[in-house]
Amino acid sequence: MQETAWWQRGIIYEVYPRSFQDSNGDGVGDLNGILQRLDYLVKLGVDALWISPFYSSPMADFGYDVADYCGIDPLFGAMQDFDRLLQEIHNRGLKLILDLVPNHTSDQHPWFLESRSSRENSKRDWYLWRDEANNWQSNFGGPGWEWDDFTGQYYYHSFLKQQPDLNWRNRLVRTAIFQAMRFWLARGVDGFRVDVIWLMIKDDQFRDNPPNPSFRPGQPSSHRFLPVFNSDRPQVHEVVSEMRAVIDDYRDRVLIGEIYLPIPQLMAYYGKDLGGTQLPFNFQLLQTAWTAEALARAISEYDDALPAGAWPNWVLGNHDNARIATRVGSHQARLAAMLLLSLPGTITLYYGEEIGMTNVPIPPDLVQDPAEKNEPGIGVGRDPERTPMPWDSSPLAGFTTGRPWLPLGEDHASLNVEKSDQDPESILHLYRTLIALRRRHSVLVTGELHSIAAANNVLSYERRGEGERLRVLLNLGDAPIPIPSAIGEILAATSPCCLSERPNGLMQLGAAMGLIVRLPAEKYATNGTSSREGRFS
Ligand code: NOJ
């Protein structure tokens with residue numbers, strides 16, 4: 001394979017730490033719990049863990065409200081637990097990516113306590129204080145400005161009022177967060193996933209956002225205005241390149257940006273001369289309608305838009321979006337796995353997708369997510385995709401010995417890791433097979449995407465390079481489709497009964513089934529270089 005960095009060829013696995021494995025019976029997952037499950041991840045075949053925040057926090061937004069960037073919340077463990085976890089991760093040849101939350105702190109962070117203590121305080125300007133509120137909204141519902149009686153001004157919060165936004169135009173704020181990054185980098189972490197990186201700089205004139213003409217009642221209130229002046233401001237790229245410079249002071253680290261933007265704006269986060277985030281998260285598969293046509297269009301659009309030298313990446317799920325098996329159904333979730341693991345570049349998986357976990361309905365009295373509490377019943381809640389990982393068939397699924405912080409799925413006795421492990425036809429085995437295939441056929445990582453097409457509910461594309469030519473065929477429809485009998489050597493199938501013979505001797509690919517086949521070598525004259533290398537030239 002061409003020279004690639006670990007974060008280019010690797011598969012990243014997101015662990016939502018509250019829900020992965022509890023080690024002390026308090027019903028909430030923790031660092032020692034993750035440690036207990038590392039060998040499961042090794043067997044799955046992933047390369048890196050991204051762990052959502054475990055810093056000291058009042059947990060108003062479950063850790064995305066940080067009160068100390070260099071401390072571990074006791075709920076998750078202590079610094080020695082972290083050090084041991086990191087060591088064990090590295091001992092297994094895995095990498096660790098932390099979640100950096102630089103856009104806002106907790107309102108209990110000492111910086112904010114100082115900032116709100118008086119208008120004259122030296123940290124007053126570390127946050128966004130104004131005499132008057134404009135129309136910027138909070139992403140969790142309602143106005144984004146909170147009145148502070150004590151000092152007689154408003155402060156801005158993109159999320160909860162317990163999450164005041166930092167002022168990234170202030171040089172000292174930058175220095176302070178960069179110091180926190182260095183603290184973890186020096187300890188040995190392999191990179192950061194940066195929370196809401198596209199929101200970090202706001203308009204310096206605090207202009208009102210224009211109304212959103214497509215807003216309809218029943219949508220989240222933050223959709224009432226178009227986020228023109230409080231997101232994706234041009235100056236944000238300067239901050240991103242400074243963060244990248246911090247990363248580049250250490251060997252072999254990665255900077256990943258959380259960015260929900262249309263493709264052209266997203267691409268800008270690779271940065272000028274590619275000095276931005278190495279991986280601006282690509283959420284196309286989270287946002288595209290599940291049809292062959294829409295997926296083909298999204299994949300082509302993304303691939304075509306990649307700047308020279310930019311490394312692609314694909315994400316299928318995360319802690320803010322409905323699980324794939326709920327979005328597309330459990331049969332199609334197998335196709336989704338094949339799609340994800342046959343696309344170029346870096347892959348990010350969300351915990352539990354590999355066993356086909358679905359969203360768990362949460363009764364109103366058990367709701368935890370502040371987004372749902374603020375705007376109930378309109379579908380913004382994220383608890384359903386954050387429920388505990390079911391490890392075995394015991395009453396509490398091997399997740400905890402206490403009361404789980406969110407309910408386990410009703411199907412946990414039948415759908416869990418232990419059962420999936422024993423069933424060679426489970427989606428877990430399919431994930432392991434596809435991950436191993438990706439490792440063996442580096443064309444799946446580095447090769448060029450060709451012939452992306454959609455017809456009769458079938459999505460197909462080729463991967464070419466590294467002396468190989470593979471074709472991926474995904475039948476998203478609910479009827480079998482005929483395929484040529486000499487289609488090539490089958491490398492992977494979403495299920496053992498994918499292919500059947502028709503009376504006329506032709507073959508057919510079953511409904512909701514997919515294949516990866518190797519086309520005969522003579523049909524493909526390679527020049528010996530992979531296409532991604534081509535992009536670099
Ligand atoms: C994005 C995170 O993914 C989400 O979970 C969190 O609530 C917000 N940022 C606020 O930090």
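The shown structure was predicted, so the numbers you read here are calculated from the model rather than taken from an experiment. Remember, it's 1-based here, ligands and their atoms both numbered in the order they're listed.
Close approach of ligand 1 to Arg386 (heavy-atom distance below 4.0 Å) involves ligand atoms 5 (O). For ligand 1 and Glu258, the ligand atoms under 4.0 Å from any heavy atom of the residue are 1 (C), 3 (O). Set against the non-hydrogen atoms of His104, the atoms of ligand 1 under 4.0 Å away are 10 (C), 11 (O). Here is the list of ligand 1 atoms found below 4.0 Å of a heavy atom in His319: 2 (C), 3 (O), 4 (C), 5 (O). Atoms of ligand 1 found under 4.0 Å from any heavy atom of Arg382 (numbered from 1 in listed order, with element): 4 (C), 5 (O), 6 (C), 7 (O). Close approach of ligand 1 to Val196 (heavy-atom distance below 4.0 Å) involves ligand atoms 1 (C), 9 (N). Short contacts between ligand 1 and Asp61, defined as distances under 4.0 Å to a heavy atom of the residue, involve ligand atoms 6 (C), 7 (O), 8 (C), 10 (C), 11 (O).
Residues Phe62 and Trp405 bring their aromatic ring centres within 6.0 Å. Taking the six-membered ring wherever Trp is involved, the centroid distance between the rings of Trp50 and Tyr351 does not fall below 6.0 Å. Taking the centre of each ring, Tyr156 and Phe206 stay at or above the 6.0 Å mark. Taking the ring centroids of Trp184 and Phe192, they lie at or beyond the 6.0 Å cut-off.
Of the protein's heavy atoms, Asp195 OD1, 2.8 Å lies nearest to atom 1 (C) of ligand 1. When only non-hydrogen protein atoms are considered, atom 5 (O) of ligand 1 lies nearest to Asp320 OD1, 2.8 Å.
Taking the centre and axis of the six-membered ring of Trp391, the NZ or CZ atom of Arg37 falls inside the cone set by 45° and 6.0 Å.
Salt bridge annotation for Lys95-Asp47: absent, with no cationic side-chain nitrogen under 4.0 angstrom from a carboxylate oxygen.
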Acceptor/donor pairs from residues 314-321 side chains to any protein atom, 3.5 angstrom cut, sequence neighbours excluded:
unit_1, atom_1, unit_2, atom_2, d
Trp314, NE1, Pro344, O, 3.1
Asn318, OD1, Asp320, N, 2.9
Asn318, OD1, Asn321, N, 3.3
Asn318, OD1, Asn321, ND2, 2.9
Asn318, ND2, Tyr260, OH, 3.2
His319, ND1, Glu14, OE2, 2.8
His319, NE2, Tyr64, OH, 3.1
Asp320, OD1, Arg382, NH1, 3.1
Asp320, OD1, Arg386, NH2, 3.0
Asn321, ND2, Tyr260, OH, 3.0

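Remark: distances from the non-hydrogen atoms of Phe140 to ligand 1 include one below 4.0 Å. Ligand 1 is approached by Arg193 to a heavy-atom distance shorter than 4.0 Å.
With sequence neighbours excluded, the residues satisfying ring-ring contact (aromatic ring centres under 6.0 Å, His included) with Tyr69 are His109, Trp111.
Neither the backbone nor the side chain of His157 comes within contact range of ligand 1; no heavy atom lies under 4.0 Å.
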